[in-house]
Amino acid sequence: MAWTRDKMCQRAALELQDGFYVNLGIGMPTLVANFVPQGMNVTLQSENGMLGMGPFPKRQDLDPDLINAGKQTISELPESVYFDSSDSFSMIRGHHMDLSILGALQVAQNGDLANWMIPGKMVKGMGGAMDLVAGVKKVVILMEHVAKDNSPKIVESCTLPLTGQGVVDLIITDLGVFNFVDNNISLIELADDVTLDDISMNTGAKFEVNLN
Amino acid sequence: MAWTRDKMCQRAALELQDGFYVNLGIGMPTLVANFVPQGMNVTLQSENGMLGMGPFPKRQDLDPDLINAGKQTISELPESVYFDSSDSFSMIRGHHMDLSILGALQVAQNGDLANWMIPGKMVKGMGGAMDLVAGVKKVVILMEHVAKDNSPKIVESCTLPLTGQGVVDLIITDLGVFNFVDNNISLIELADDVTLDDISMNTGAKFEVNLN
Amino acid sequence: MVNKIYNDALTALDGLLFDGMTIMAGGFGLCGIPENYITAIRNSGVKNLTVISNNCGIDDFGLGLLLNSNQIKKMVSSYVGENKKFEELYLSGELELEFNPQGTLAERCRAGGAGIPAFYTKTGVGTMIADKKETKIFNGETYIMETALKADISIVKAWKSDNDGNLIYRKTARNFNPVMATAGRITLAEVESIVNTGELDPDNIHTPGVYVHRIIQGDSYEKRIERETTSD
Amino acid sequence: MVNKIYNDALTALDGLLFDGMTIMAGGFGLCGIPENYITAIRNSGVKNLTVISNNCGIDDFGLGLLLNSNQIKKMVSSYVGENKKFEELYLSGELELEFNPQGTLAERCRAGGAGIPAFYTKTGVGTMIADKKETKIFNGETYIMETALKADISIVKAWKSDNDGNLIYRKTARNFNPVMATAGRITLAEVESIVNTGELDPDNIHTPGVYVHRIIQGDSYEKRIERETTSD
């Protein structure tokens, strides 16, 4: 029951459209790149200064001057373009990127997002996450439905410090899919063999149900 | 008596220093480029997007993609660099240019400058003049001491619309040189065979005299 | 794959023009202007345009063509001194004019493209440019607030494009084109040649393709020189 | 002619370092960092530094070296998660930390270089980043005001320089270097090779020489890879 990580990524890939410029966050969102349909052209941005990010390189092609926003070595494609950090975030802040897929710690029923900080634990920093959620046209959260301690991650209101207010457009978890219309959350899909009860038991938010 | 245009430009060239980045306005200021001392390296900026502006080209080298801020064809030098208008004015506004030499309609005794508009006549626009006087480290005005109708151009306060408030650092005219310290004007040099009386008769401002 | 390449200017503009719209046009004087789009807009007959461009061409070329056909309602520019028709229309009240200092104009376009609704600058403090604008003091000095500019479409001229719309410009023909390319809801580029994606150096793209929605290769460029000046 | 080329990092830094100063350092992670200047600053022993840099290196490389030697009083960064020494100093109160969203950090540096004292952005609205910051409403939406950043010196890493200090960067090693190059009162560049003026393409200079005051050719570049990831 429920979706595997691959199935979650496949579902996330349905949000892609031909010609989209997309930023994928660190972790599971990165894997969505493996599920771009044949014949569809999606250009990946890396916010440290690249459009047209290619896959991880062969060992003999490792280049210390060519990394992604997660500091991993990557490769170049024919369509690759490099630019500086200011130009990169102008692209993001100025609403030129079509889609960002990110992980989350908590999403509230009004679309608030917390994904950068757990007080009391060491603070690593928000990196580009606040800019992405404030500026990208559509923000999709791809995450496990519950935390490691089984506490719900979709909540009435975020208890963790926010990354952005009312910024989430869609949540994809292993249990289903929620969307936001005017900052109101609705359950719109159930994962394989998942029931509405499964969702309710594992969700801290009040949500409408609009399954097709 | 008084300085010729060449002498005025020579005097203006004394404001240049080795390694300076300089913007020269349209008209007489442009001619100062001909008086850069041998061995001194001065980089000229053209605010439409070039550093390292060369002289007017030979006819066979005319290039419609290579013009200065006065829309004249120019030439390239080994040190030339091109950039866009936003980068060009970041350079200007951000205090990276050492010197701007401009013409003027009026300069007031507090350093106010009017050089872009005569109400009632057709308005052409300020172009980059307001940005230059607001952003360049040192603003030198190079102009005839009086207008064509012999009215003074150095005045108590500008009657024409301002280009900038208290922005002038030095005035060089055919009759002499004035500087500004804390927005207070002083006569510091007399042109050849010019007397203090000549200056006084042709100047509308109250000025101190600090001739060396 | 999404095709950004169109056959000609009129085809590329299809569905984008409407009376009362705002158009940003790159170029400085007659240098680096989108000649083909200007002609197509003239031929389209679209009216009441607000045009954001540093200059307004000359009487018989560049944006001057749209003045002659009375298609422009308002210009946002820094310098329009090359154009007699402009003077005539302005003095008769048929044309509105908003002057911006050149650097402020460039920065307002950049801000529009970069999601910055407003910024502060010293340029124009104490002049008529500051009229009705908010001011704020930083470190004891007064600055004025300038707001972002955006356009329904931006028309820009580049030297080369690849199939993805990555653009490079040549010499001072770059000028306002890159910032305006970022500030159009739809940006149309015209270029002297289109090359295959991968042929341009990825370290040296001036306008990344994300900003460019439609591209044409102009079939002829007049590239008129406004002030031929030689040292001969 | 003014000579911008210095023999080594320590010579280039001569007369510029003082306790309590602010230093901007380009680079993203360990990519495109000014290795030689960082080592020289470590060796100089200058103290109580405020360092503006997107990251703070790792424990034994990059700006992490200045943490180990307790030379940094405050970091202005967007992400410091790679560094255990950082955590230790921060939790013990020996190190101040000011987090900036990455795009806000980049824009604040650009503003510092461009004479823009402040600008508005949507990034961080409603988060702790907005605490104590002024807000303003444009078109019905709330934005926060962010101010410019400047530094006593900026240290940047480029791929190549010419004798005039015109710089080009390579691939994603560009990152914060160009904006930080504009925001230093004095900017020091280190490069992998220095070529004669005229050898770089004038259409493709990333940082014009006007921003660059001192240049060294680094004598060795470790260019460490932080997260080697392959598809093998």
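Order of the sequence lines fixes the chain letters, A, B, ..., with proteins taken first and strands second; residue numbering starts at 1 for each chain. Computed from a predicted model, the values in this text were never measured in an experiment.
To the nearest 0.5 Å, atom NZ of residue D:K171 and atom CD1 of residue A:I74 are 10.0 Å apart. Separating the CZ atom in D:F99 from the CH2 atom in A:W116 is a distance of 6.0 Å, to the nearest 0.5 Å. Separating the NZ atom in A:K71 from the OG1 atom in D:T229 is a distance of 12.5 Å, to the nearest 0.5 Å. The CD atom of D:E107 lies 11.5 Å from the OG atom of A:S85; values are rounded to the nearest 0.5 Å. Between the CE atom of D:M128 and the CE atom of A:M130 there is a distance of 7.5 Å, given to the nearest 0.5 Å. Here the OG atom belonging to A:S88 is positioned 9.0 Å from the CZ atom belonging to D:F28, to the nearest 0.5 angstrom.
Heavy-atom distances place the side chain of D:N55, and not its backbone, under 4.5 Å from chain A. Contacts between A:I92 and chain D at a heavy-atom distance below 4.5 Å are absent for every atom of the residue. Of the atoms belonging to A:T163, it is backbone heavy atoms, and not side-chain ones, that fall under 4.5 Å from chain D. In this structure, chain D has no heavy atom under 4.5 Å from any part of A:P55. Residue A:R59 touches chain D through both its backbone and its side chain, counting heavy-atom pairs closer than 4.5 Å. Only the backbone of A:N68 comes within contact range of chain D, judged by heavy atoms closer than 4.5 Å. Both the backbone and the side chain of A:E47 come within less than 4.5 Å of a heavy atom of chain D.
Electrostatic pairing of A:D84 and D:R110 does not count as a salt bridge here, judged by no charged N lying under 4.0 Å from a carboxylate O. A salt bridge between D:E82 and A:K124 is absent, with no side-chain N of the basic residue lying under 4.0 Å from a carboxylate O of the acidic one.
Top candidate by heavy-atom pairs under 4.5 Å with chain A, chosen from D:G103, D:A106, D:G32, is D:G103. Comparing A:P161, A:G127, A:A134 by heavy-atom pairs within less than 4.5 Å of chain D, the highest count is held by A:G127. Comparing A:S86, A:S46, A:S75 by heavy-atom pairs within less than 4.5 Å of chain D, the highest count is held by A:S86. The most heavy-atom pairs under 4.5 Å with chain A, out of D:S78, D:G29, D:C31, come from D:S78. The most heavy-atom pairs under 4.5 Å with chain D, out of A:G166, A:S90, A:A69, A:A114, come from A:A69. The most heavy-atom pairs under 4.5 Å with chain D, out of A:Q60, A:M117, A:R93, come from A:R93. Chosen from A:G49, A:G135, A:G70, the residue pairing most often with chain D at heavy-atom distances under 4.5 Å is A:G70.
Using a 4.5 Å heavy-atom cutoff, the side chains of A:D65 and D:T172 are not in contact. Taking 4.5 Å as the limit, every side-chain heavy atom of A:K58 sits out of range of all side-chain heavy atoms of D:T230. With a 4.5 Å cut-off on side-chain heavy atoms, D:E226 and A:I67 do not count as touching.
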Verdict with supporting geometry, D:R170 and A:D63, salt bridge (charged side-chain N to carboxylate O under 4.0 Å, His left out)
CA-CA 11 Å; D:R170 186 171 173 274; A:D63 185 339; 2.7 Å; yes
Working for side-chain contact (heavy atoms from CB on, under 4.5 Å), residues D:Y79 and A:M126:
CA-CA 6 Å; D:Y79 191 87; A:M126 71 292 286; over 6 Å; no
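By the neighbour-count criterion of 12 heavy atoms within 6.0 Å, atom NZ of D:K223 is densely surrounded, having more than that number from other residues, nucleotides or ligands. For D:K133, the NZ atom is densely surrounded, since the number of other residues' heavy atoms within 6.0 Å is greater than 12. For A:D182, the CG atom is loosely surrounded, since the number of other residues' heavy atoms within 6.0 Å does not exceed 12. Under a cut-off of 6.0 angstrom, the local environment of CG in D:D131 is crowded, with over 12 non-hydrogen atoms contributed by other residues, nucleotides or ligands. More than 12 non-hydrogen atoms from other residues, nucleotides or ligands lie less than 6.0 angstrom from CZ of D:R185.
D:R227 places no side-chain N or O within 3.5 Å of a backbone atom of A:T73 that could act as its donor or acceptor partner. Judged by distance alone, with hydrogens and angles left aside, the side-chain atoms of D:S231 form a donor-acceptor pair with the main-chain N or O of A:F56 at under 3.5 Å.
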